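None of the values given here were measured: they were computed from a predicted structure. Atoms considered below: every heavy atom in the structure, side chains included; atoms not considered: hydrogens, waters and symmetry mates. In what follows, every chain begins at residue 1, and chains take the letters A, B, ... in the order their sequences are listed.
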There are 2 protein chains.
Amino acid sequence: MRELNERRKCILRAITDVYIDTAEPVGSTTIARKHNLGISSATIRNEMASLEEEGYVYQPHTSAGRVPSDKGYRYYVDVLLEIPEVTSEEYKKINQLAEYRKEAIEKTIRRTTKLLAELTEYVSVAVIPEHRNATFRHIQLVPLDVHNILVILVVDPGFIENRVLSSPRAFSPEQLDEISAYLNQQLRGKRGEALTKTLLSELNNIVPEARGLISSITDIIQSVLTDAKDDVVVVDGLLNILDQPEFQDLDRTKLVLSVLENRKVLSKVLSSLSRNSGLTVQIGEENESPELKDFSLVTATYYHCGHNLGTIGLLGPTRMTYGRAMSLVKEVAMYLSELFDLL
Amino acid sequence: MRELNERRKCILRAITDVYIDTAEPVGSTTIARKHNLGISSATIRNEMASLEEEGYVYQPHTSAGRVPSDKGYRYYVDVLLEIPEVTSEEYKKINQLAEYRKEAIEKTIRRTTKLLAELTEYVSVAVIPEHRNATFRHIQLVPLDVHNILVILVVDPGFIENRVLSSPRAFSPEQLDEISAYLNQQLRGKRGEALTKTLLSELNNIVPEARGLISSITDIIQSVLTDAKDDVVVVDGLLNILDQPEFQDLDRTKLVLSVLENRKVLSKVLSSLSRNSGLTVQIGEENESPELKDFSLVTATYYHCGHNLGTIGLLGPTRMTYGRAMSLVKEVAMYLSELFDLL
DNA sequence: TTTAGCACTCGTCAAAGACGAGTGCTAAGA
DNA sequence: TCTTAGCACTCGTCTTTGACGAGTGCTAAA
């Protein structure tokens, strides 16, 4: 990408700023009036024509003003944009999330997603990491009544799984304790692979009557620790996009909403982004999925002890306020990482 | 409400059926043609005028056909409608919910709500009962590490609460066991009121070092068992209403969606309905909340051992397919009740 | 009591035209 | 060579107009 000269930079920035603000194609006179660059509208028109030739802006129709193209937004984000600080107001709200630190990780992420949606007018998304990288921390077997056993599995970092197992046979608390004690001793800090056949048969030897129960329990552990289930995608503020002027057309909006609602597309996109690190901006057609070609996606990954945990971000029209979105997303991801490191 | 004569019944039924199907005002000729009642359109026009006079139908404008009023729908539901059986297809899907029986009650209800939304083109809603009526079943304290203790509280029917407590002091597993054993022994099957000061001070005597921890734990129990938190309202298929032809106007739709999304209104309406028993149909202005005046709400309560547990239902335009909605909601509520009785 | 006939109402849709925002081009000035 | 005033031109938007038709209520005859 060739450098633009200073004047064209100014004009592109002006076009983008105004368009982000108004959602209307920006004409030469508007720029000449508002951003007094000491330049007439005619000159601006000439420069605009050049910018169009180079693909930074385009005209929706002949007699309209200019709108930034994906390439234009890209240049804007990479070169022209100054990322603002988050306001103290916002900072305060983000830090209030800590009140909920006592909940499981998943709820914290949901709450954070909600906050992002509330602070912006965009759709907030997050992947709650699958447990594939999780390690065993603790298992607890609680006899609920004669036939039902509550299995509580705690994995690192911070996930808690509850399942109820029904069994025709009754087991004594001691038997259950033996099973859980053994598992806790053997598996602590380990991954799913640690659940070997040897281990299993040894456990069966210790409590031979509980063969069936043991296999159910280890199934649960296995599935929680290693199964490649789909990442959980959290979406909040879906209806925010209804307030965006580009979604006045009901049919198109319905299409878009259904794409965002069913989550498959998002799951794919976010999962692939979670391999990146730091702050990422995907603009329009840069998105992997053609369904998102009218959207931009600002994401950041959050960590647990330096370990890539998941992705959180904002999805809006390409005409989004990149600066604010980027600063918020970054701040929130950093905050989450700090929070989880305390766990 | 006076009885209508047979012919008017037929005409009202025809108007309602056709209008529910097409969402277009129904003219006299349409009825004369489709439902050959052996009667001319002119006669039907006369009868329609009478029906209008009595308030069962109205004209959106002078030269339009007739549309059922709330009163008309009410008569239709009460007198004219035959409630169909659920199809075997639907029955099968409902019964597949049982596969998830092993999960906590809350998830089952969420899943059921989702199914209702998928089976219909309406918005599916449910109240997950607050725990106010819950009784204590079991508590388990799991030391996660030196400073964090996982509190697992199981209440009847079938709710499981997880909380993590951080404590500057370390406690031995034995101490934790003493606390939980005591609580389990004293509180089993009891309500929040059982958590008396006497009990608390006795517990403090048993493990005096854990005064702070004990008060955190009992706070949790207290809040889960008795605190008047808002009912959790589950909404699914919110976007289904976008497919309804009456919601083509984007502004109105946005308004409606925001009402349904924020849940306060729904919470109020559903909570008051949960006092009813059996199948309830609220039509248009019959709804407590003016925001729902264009909607009908079909709900049923579900039970646990004869005890009123919560409400589940469907929300659609007044022009909804009452028969199918009613049969589905009823079936689903019955199914849930049976399921929970097994717990 | 029913119904054919007819005048009347009124919403919808498409075509036509006014309007105006914005452009590109040209030519003159710095 | 760069800038800019001027101007003709384009084209989307909004409003007006009129044709169309679905549906009505009323009247009068069967």
Report task. Determine, for nucleotides 1-19 of chain C in 5'-to-3' order, which nucleotides have protein heavy atoms under 4.0 Å from the base (write B), from only the sugar-phosphate (write S), or from neither (write -). Result -> -SBBB---BBS--------
Nearest-angstrom distance from the residue atom [atom1] of [X] to [atom2] of [N]:
X: A:Q59; N: C:dA21; atom1: CD; atom2: C1'; answer: 12 Å
X: A:Y19; N: C:dG22; atom1: OH; atom2: P; answer: 14 Å
X: B:I31; N: D:dA22; atom1: CD1; atom2: P; answer: 16 Å
X: A:I44; N: D:dC2; atom1: CD1; atom2: P; answer: 17 Å
X: B:E24; N: D:dG21; atom1: CD; atom2: C1'; answer: 14 Å
X: A:Y58; N: C:dT23; atom1: OH; atom2: P; answer: 15 Å
X: B:K34; N: D:dG23; atom1: NZ; atom2: P; answer: 11 Å
X: B:L51; N: D:dT24; atom1: CG; atom2: C1'; answer: 15 Å

Query raised in the report: Of all residues at least two apart in sequence or in a different chain, which pass the ring pair (Phe, Tyr, Trp, His ring centres under 6.0 Å) check with A:F295?
Result: A:F247
Requested in this report: State whether a side-chain donor-acceptor pair under 3.5 Å links B:S327 with B:E85.
Outcome: no
Report summary line: For B:R324, the salt bridge (charged side-chain N to carboxylate O under 4.0 Å, His left out) test, sequence neighbours excluded, returns B:E90
Report task. Quick one: do A:Q282 and A:S296 satisfy side chain to side chain donor-acceptor pair (under 3.5 Å)? Show the steps, please. Result -> CA-CA 5 Å; A:Q282 301 283 112; A:S296 286; over 6 Å; no
Query raised in the report: A:Y76 and A:Y56: aromatic ring centres closer than 6.0 Å?
Result: no
Query - Note, B:L80 side chain near B:T16 side chain (heavy atom, < 4.5 Å) - result: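 The answer is no; the side chains never approach within 4.5 Å.
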Query raised in the report: Is there a side-chain polar atom (N or O) of B:T29 under 4.0 Å from OP1 or OP2 of D:dA22?
Result: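 For D:dA22, OP1/OP2 do not have a side-chain N/O of B:T29 under 4.0 Å.
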